[in-house]
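The structure presented is a predicted model; accordingly, all values stated were derived computationally and were not measured. In what follows, residues are counted from 1 in the order of the sequence shown.
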Amino acid sequence: LAHRCHHRSTAMLDVPFLPFCAFLGTLGLLCVAMVGTWCQHWRGGFSLDGSSRTFNWHPVLMVTGLVVLYGIAALVYRIPNTWSGPKLPWKVLHGSLALGAFVLTVLGLAAVFRFHNSQGTPNMYSLHSWMGLATVLLFSCQWVAGFGAFLLPWAPTWLRALYKPIHVFFGSTILLLSVASCASGINEKLFFSLKNGTTAYKLLPAEAVFANTLGLLILIFGVLVVAALARPSWKRPDSDSPDSRQVQDALGG
């Protein structure tokens, strides 16, 4: 009876992958649209003149690249179509999406550094900046290591199988660090902006409600991506691959 109840509850919680992806994609687009609306409507829009409008590129590019596009890249191997046939096209797609996310992230960093330098504001003085830069550096190491291990043809199969769980672990870690960096950045921007002539943040004006909601949606997006990565039934069934057997033989021998 207990086993039957457990099976029934598991079946009730079972969500098809493609509808889940459609929901997640909609949520990601909503996050991008909301951060763009926040910067356009309340923060003055966008520019490349070194003013606060240059800074506005920073949150938009970071949310788009480091969270949404990176999250999409992380889920490529959960698509059922990738479970059969050659893996190389999917490897290229995964690496290309991650590279695109990295390029947007670097542009986002360039925007905030240009703004700080033009305004005479010190760089790297807050926890948000430390955590964000650490995330980007870890992301760059992750991409280079993944390219060397999985895309270069001369990487040995035992090395690929040995590095794969490390790559997966740091992929989820980087996403969570990205979400934390974006949430702390939103909070920091609101603290700095909603004062001295504007409605104080503690009074919760419309901008604060909007940006806080954006932060919650980014958090939900990140948690759902990590949950999808951890779901056993959505993982590519390659536990008996030659790579895995070779590693097991090497470790056992």
Side-chain angles (χ1 to χ4, degrees), residues 13 15-39 57-79 93-109 112 126-143 146 165-190 208-235:
L13 294 175
V15 179
F17 178 77
L18 293 181
F20 174 85
C21 280
F23 172 77
L24 197 62
T26 302
L27 181 59
L29 290 175
L30 181 60
C31 290
V32 174
M34 287 186 66
V35 69
T37 300
W38 177 33
C39 293
W57 286 108
H58 175 67
V60 171
L61 292 172
M62 289 304 193
V63 171
T64 303
L66 203 55
V67 176
V68 177
L69 192 56
Y70 183 86
I72 294 173
L75 290 177
V76 164
Y77 290 116
R78 298 300 185 268
I79 301 174
L93 177 61
H94 175 73
S96 300
L97 289 173
L99 181 61
F102 182 73
V103 170
L104 293 180
T105 300
V106 171
L107 293 175
L109 285 180
V112 70
S126 67
L127 176 61
H128 163 68
S129 59
W130 291 7
M131 184 164 51
L133 186 60
T135 303
V136 175
L137 292 176
L138 187 60
F139 185 9
S140 63
C141 294
Q142 169 89 338
W143 193 92
I166 300 174
H167 186 77
V168 172
F169 169 78
F170 278 104
S172 298
T173 300
I174 291 169
L175 180 61
L176 292 178
L177 287 174
S178 302
V179 170
S181 299
C182 288
S184 62
I186 291 171
N187 218 29
E188 185 177 282
K189 183 62 177 178
L190 290 175
V209 174
F210 189 89
N212 287 351
T213 304
L214 168 63
L216 288 176
L217 292 179
I218 291 173
L219 176 61
I220 294 172
F221 179 88
V223 169
L224 289 178
V225 171
V226 172
L229 293 175
R231 188 177 182 89
S233 61
W234 289 350
K235 292 182 180 180

Do any N or O atoms from the side chain of Gln142 and from the backbone of His167 form a donor-acceptor pair under 3.5 angstrom?
-> yes
Got more than 12 heavy atoms from elsewhere within 6.0 Å of CH2, Trp57?
-> no
Measure the shortest side-chain to side-chain distance between Ser126 and Glu188 over non-hydrogen atoms and say whether it is less than 4.5 angstrom.
-> yes
Between OG on residue Ser140 and CG on residue Leu99, distance to nearest 0.5 Å = 11.5 Å
Closest approach of Ala211 to Leu190 (non-hydrogen atoms, all atoms of both residues) = CB-CD1, 3.7 Å
Could you state the interatomic distance from OG1 (Thr37) to CG (Leu214), rounded to the nearest 0.5 Å?
-> 9.5 Å
Where Gly65 and Thr105 come nearest, the two heavy atoms and their spacing = C-OG1, 4.1 Å
Looking only at non-hydrogen atoms, find the nearest pair between Phe221 and Gly71 and report the distance.
-> CE2-CA, 4.3 Å
Rounded to the nearest 0.5 Å, how far apart are OH of Tyr77 and NZ of Lys235?
-> 15.5 Å
So, do Val15 and Phe23 sit near enough that their side-chain heavy atoms are less than 4.5 Å apart?
-> no
Tyr70/Phe139 aromatic ring centres below 6.0 Å | yes
Are any of the side-chain heavy atoms of Ser184 and Met131 separated by less than 4.5 Å?
-> yes
With sequence neighbours left out, write down each residue that passes side-chain contact (heavy atoms from CB on, under 4.5 Å) with Ser96, or none if nothing qualifies.
-> Val92
What is the minimum heavy-atom distance between Gly222 and Leu175, and which atoms define it?
-> O-CD2, 3.9 Å
Atom CZ of Phe170: over 12 foreign heavy atoms under 6.0 Å = no
Using side-chain contact (heavy atoms from CB on, under 4.5 Å) as the criterion, list what pairs up with Leu69, not counting sequence neighbours.
-> Leu97, Ala101, Leu104
Between Gly108 and Leu61, the two heavy atoms sitting closest are N-CD1, 3.6 Å
Is a side-chain N or O of Trp143 found less than 3.5 angstrom from the main chain of Gly95, in a donor-acceptor match?
-> yes
List for me each residue that meets side-chain hydrogen bond (donor to acceptor under 3.5 Å, both in side chains) alongside Trp234, sequence neighbours excluded, and say none if there are none.
-> none
Could you go through the side-chain contact (heavy atoms from CB on, under 4.5 Å) check for Phe20 and Arg78 one step at a time?
-> CA-CA 11 Å; Phe20 174 85; Arg78 298 300 185 268; over 6 Å; no
State, to 0.1 Å, how close Leu217 and Met34 come at their nearest heavy-atom pair, and which atoms those are.
-> CD1-SD, 3.4 Å
Chi angles and distances behind the side-chain contact (heavy atoms from CB on, under 4.5 Å) call for Leu216, Asn212 | CA-CA 6 Å; Leu216 288 176; Asn212 287 351; 5.8 Å; no
Relative to the ring of His128, is the ring of His58 parallel (under 30°), tilted (30 to 60°) or perpendicular (over 60°)?
-> perpendicular
Evaluate the side-chain contact (heavy atoms from CB on, under 4.5 Å) criterion for residues Leu75 and Leu24: first the C-alpha distance (whole Å), next the side-chain angles of each, then the deciding distance (0.1 Å), finally the verdict.
-> CA-CA 11 Å; Leu75 290 177; Leu24 197 62; 3.3 Å; yes
Minimum side-chain heavy-atom gap Thr135-Ile174 below 4.5 Å = yes
Separation between OG1 of Thr26 and CG of Leu30, rounded to the nearest 0.5 Å | 8.5 Å
Flag side-chain contact, heavy atom, 4.5 Å: Cys39 against Pro59 | yes
Gap separating the CG atom of Asn187 from the CG atom of Leu127, nearest 0.5 angstrom | 11.5 Å
Inter-residue atom distance Leu219.CG - Ile186.CD1, 0.5 Å rounding = 10.5 Å
